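One structure below.
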Amino acid sequence: MKSRYLRAVEEIAQQLLAIARSQGWEIAEDAVLVQPPSEPGHGDLTSNLAFRLARVARRPPQAIAETLAQNWPEHPVADAPEVGGAGFLNFRLKTLWLAAVVDEVLEQGPQYGNSEEGKGRRALLEFVSANPTGPLVVANGRAAAVGDTLARLMEAAGWQVEREYYVNDAGNQIQRLGQAMALRLQELRGQPVAVWPEGVYPGAYVRRLAERWLAEGRPAAAEVEELGRWAAEVLRAEQEEELLRFGVRYDRWFSERGLRESGACEAVLSQLRAAGWLVEEEGAQWFLSTHWGDDKNRVMVKSDGSWTYFVPDAAYHADKLARGYDLLIDLLGPDHHGYLGRLKALVQALGYPEDRLEVRIVQLVRLVRGGEPVRMSKREGEFVTLAELVDEVGVDPARWFFLERAMDTPLDFDLDLAQLRTNENPVYYVQYAAARIKSLLRSAEAPSQTYSAAELVEPEERALLLGLARFPEVVAEAARERAPHYLPRFLTELAGDFHLFYRRHRILNAPGTLAAARLALARAVLVVLERGLGLMGISVPDRM
RNA sequence: GUCCCCGUAGCUCAGUGGACAGAGCGCGGGACUUCUAAUCCCGGCGUCGCAGGUUCGAAUCCUGCCGGGGACACCA
């Protein structure tokens, strides 16, 4: 079902078009723009139609706007618009029409905000996919929050979404993890390692794994490969556990090892070769990705016969493509930026439309404490893990701050701000609004069933009604534009509108049936706050 | 050198074709005998990096330049 807000937009646009036609002004339907005003004071909805008609009508926008306004008939959605600026039409929605949103929200409950935009199409969302060679770090946390909320948003917008984690549990890095294990075991036997080899994971967590290896009664001298495989699985399981604590659950953990063992790598190579996109040159085999716009061709089989990392990755994507989703989304870290071209090329070389795969870059996270960036060095094995961050600030603030910025812009995460329990911290500001409403509901007598939402005419009440009406469209847009950061913005505004309403007006002991109407409004606001925070994976406390 | 992201209020950032450019924080004042003051109200804060161009209209689109960050392996 279409949102009330969207219906208002369409009905006003239709009515405007009809008036224009009656004046003999023809214009393409999609040229009519009805949208929220850039600032309050310009009504609830505004239209620029007069500007668009200026050329056709050969009259100034102001005069056209006057004509359109004067011919506005009695209409259930809005009164005749006011003409503002140089020809904007500012509409005020009818209270009766707007107030009906309260019942709509209360009837739909936790479903309110859903739309059919996705039309049941299937999407596969792959995110985080960190190597199982260490704990998840803060940047992985951002990808986790963004990916998970994007999945929830798309589900709300009518998509079927699967969440997948690609586990790089084979290859070189697992070899190095095995070496690190072997060295730590050597240390535990009392033989210090003089020089730690380049590229072998220096992190102290490997020592913990080595100790566990011994504690579980395994031999101190073991094959590097076996050590690597064992450690990778332990670390992967720990990552899964940490993500669950962070509120992120995957539908599938896809193993690179399994992929390699299935022969998928050979298969994708021969498929590309057969199609003529993989050719031999200077002893190596090159993927002709430049044909599809990549910067340069890419080696897949090195001159020594071994594969580059791109081979299993190509096999993985071929697998995902073959599974028949309508859309694949990869959330990658900024270090994979250079990867985008060859992935897009691969999709097309395998015979799929270019837009079947959508690659999004989730930008870096910089932790800031006391106004200074926290030093992190992966090289030294010193980095802040997701677990440490969550221990310090909690899941709710962590998710909020990760989701607050557009995913493709670098994020400064203010550790001090995230821990403040005051109005400076937007998480609590929104949660507090919800807690206040819950408190209100606890104090309320059994709600009288009869009220008229048309009594809600105060400006503070209208602001809330408008917010409620807009919510489904906010969700749909956030899903469509892959922009989870619309949620915290919207919720902060709605919470602010509620706090203001609450300070200015009595609810429970308002006169007559107004009390019931206001209580219903408050309940509807709570429904939307809960849904919005739920989409962000943030809790809604009963008391604060 | 090529590619990507960013440059908007003191700070952190919204806003990608519409009205005199917005929010939060910070700063200064004020509001609880009444449903949660983790709240609310009032106040100042701008060469939208620079220069051209397109448009009735540009922070937004195009071109060039400047500044910051990142990516550009027969590594993974």
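We name chains A, B, ... by the order of the sequence lines, and we start the count at 1 in each one. Just so you know, these numbers come straight off a predicted model, no measurement behind them.
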For Ser306(A), answer base if it contacts any base atom (sugar-phosphate contacts may also be present), sugar-phosphate if it contacts only those atoms, and nothing otherwise; contact means non-hydrogen atoms under 4.0 Å. nothing
Residue-level proximity of residues 431-440 of chain A to RNA chain B when a heavy atom falls under 4.0 Å: Tyr432(A), Ala435(A), Arg436(A), Ser439(A), Leu440(A)
OP1 or OP2 of C40(B) under 4.0 Å from side-chain N/O of Tyr429(A): yes
Among side-chain atoms of Arg142(A) and Gln363(A), is any donor-acceptor pair under 3.5 angstrom? no
Hey, could you give me each pair passing salt bridge (Lys or Arg N to Asp or Glu O under 4.0 Å) that has a residue in residues 164-179 of chain A? Not counting sequence neighbours. Glu164(A)-Arg252(A), Glu164(A)-Arg323(A)
Across all chains, not counting sequence neighbours, the side chain to side chain contact (heavy atoms under 4.5 Å, CB included) partners of Ala478(A) are Leu153(A), Tyr486(A)
Please list, pair by pair, any protein nitrogen or oxygen found under 3.5 Å from a nitrogen or oxygen in nucleotides 57-60 of chain B.
none

Just checking Asp497(A): base, sugar-phosphate only, or nothing, at a heavy-atom cut-off of under 4.0 Å? nothing
Residue pairs, two or more places apart or on separate chains, that pass salt bridge (Lys or Arg N to Asp or Glu O under 4.0 Å) and touch residues 277-292 of chain A: none
Using whole Å, what does the distance between atom P of nucleotide G24(B) and atom CZ of Phe401(A) come to? 15 Å
Test side chain to side chain donor-acceptor pair (under 3.5 Å) applied to Tyr165(A) and Gln239(A), step by step: CA-CA 11 Å; Tyr165(A) 193 118; Gln239(A) 289 177 353; 2.7 Å; yes
Quick one: stems for RNA chain B, with Watson-Crick or G-U pairs under 3.5 Å, at least three in a row? B:1-7 with B:66-72, B:10-13 with B:22-25, B:27-31 with B:39-43, B:49-53 with B:61-65
Please identify each residue that fulfils side-chain hydrogen bond (donor to acceptor under 3.5 Å, both in side chains) with Arg482(A), with sequence neighbours left out. Glu358(A)
Mind checking whether Phe254(A) and Tyr316(A) have parallel, tilted or perpendicular rings, split at 30° and 60°? tilted
Between the side chains of Arg260(A) and Glu256(A), is the shortest nitrogen-to-carboxylate-oxygen separation below 4.0 Å, so that they form an ion pair? yes
Can you check the Glu460(A) CD to C40(B) P distance for me, whole Å? 13 Å
Whether each nucleotide of nucleotides 71-76 of chain B has a protein heavy atom under 4.0 Å at its base (B), only at its sugar-phosphate (S) or at neither (-) is summarised, 5' to 3', as SSSBSB
Nearest whole Å is fine: how far is A38(B) C1' from Trp400(A) CH2? 14 Å
Taking side chain to side chain contact (heavy atoms under 4.5 Å, CB included) as the criterion, tell me which of Leu533(A), Leu535(A), Ile538(A) meets it with Leu487(A). Leu535(A)
Exam field: side chain Asp396(A) to backbone Ser539(A), donor-acceptor pair closer than 3.5 Å: yes
So, is C62(B) syn or anti if syn means the angle is within 90° of 0? anti
Residues Thr133(A), Asn131(A); criterion side chain to side chain donor-acceptor pair (under 3.5 Å); working and verdict: CA-CA 5 Å; Thr133(A) 53; Asn131(A) 288 342; 4.7 Å; no
Side chains of Val138(A) and Phe402(A): closer than 4.5 Å at any heavy-atom pair? yes
Under 3.5 Å between N/O atoms: give me all the protein pairs with nucleotides 29-34 of chain B, atom names plus distance.
from   : atom 1 : to        : atom 2 : distance (Å)
U34(B) : O2'    : Arg506(A) : NH2    : 2.9

Candidates A14(B), A19(B), U36(B) - which lies nearest the side chain of Phe88(A): A19(B)
With rounding to the closest Å, how many angstrom separate the C1' atoms on G26(B) and C35(B)? 32 Å
With the threshold set at 4.0 Å, does a side-chain nitrogen-carboxylate oxygen contact exist between Asp412(A) and Arg366(A)? yes
Taking the C1' atom in each of C65(B) and A23(B), what is the distance between them to the nearest angstrom? 32 Å
Distance check, P atoms only: G30(B) and U16(B), in whole angstrom units. 39 Å
Separation between the P atoms of A59(B) and G53(B), rounded to whole Å: 15 Å
Looking at Arg480(A) and Glu473(A), does any basic side-chain N land under 4.0 Å from a carboxylate oxygen? yes
d(CG, Asp416(A); C1', C25(B)) in whole Å: 13 Å
Is any side-chain N or O of Asn90(A) under 3.5 Å from a base N or O of A19(B), one able to act as donor and the other as acceptor? yes
On a whole-Å scale, what distance lies between the C1' atoms belonging to C32(B) and A14(B)? 33 Å
For Glu266(A), the side chain to side chain contact (heavy atoms under 4.5 Å, CB included) test, sequence neighbours excluded, returns Trp307(A)
CG of Leu500(A) versus P of A37(B): gap in Å, rounded? 14 Å
Interatomic distance at P, U60(B) relative to A51(B), whole Å: 12 Å
Between CD1 of Ile507(A) and P of C35(B) the distance, given in whole Å, is 12 Å
Taking atom P in both U39(B) and C3(B), what distance in whole Å separates the two? 48 Å
Span that lies between the P atom of G70(B) and that of A31(B), in whole angstrom: 50 Å
Nucleotide C4(B), atom P - distance to CG of Asp294(A) in whole Å: 13 Å
Identify, with sequence neighbours excluded, every residue that meets side chain to side chain contact (heavy atoms under 4.5 Å, CB included) alongside His336(A). Leu332(A), Tyr339(A)
5'-most by nearest nucleotide on RNA chain B - Phe51(A) or Ala406(A): Ala406(A)
Base, sugar-phosphate, or nothing for Arg543(A), non-hydrogen atoms under 4.0 angstrom? base
Holding to salt bridge (Lys or Arg N to Asp or Glu O under 4.0 Å), I want the full list of residues that pass it with Asp79(A), two or more places apart in sequence or in another chain. Lys94(A)
Between the side chain of Ser47(A) and the main-chain N/O of Leu33(A), is any donor-acceptor distance below 3.5 Å? yes
Positive for side chain to side chain contact (heavy atoms under 4.5 Å, CB included) with Leu45(A), one of Asn90(A), Leu89(A), Val9(A), Leu466(A): Val9(A)
Closest listed nucleotide, where the reference is the side chain of Ser443(A) and the choices are A19(B), G15(B), C35(B): C35(B)
Asp412(A) has an atom CG; how far is it from atom C1' of A14(B), in whole Å? 16 Å
Most 5' of Ile361(A) and Leu33(A) on RNA chain B, judged by nearest nucleotide: Ile361(A)
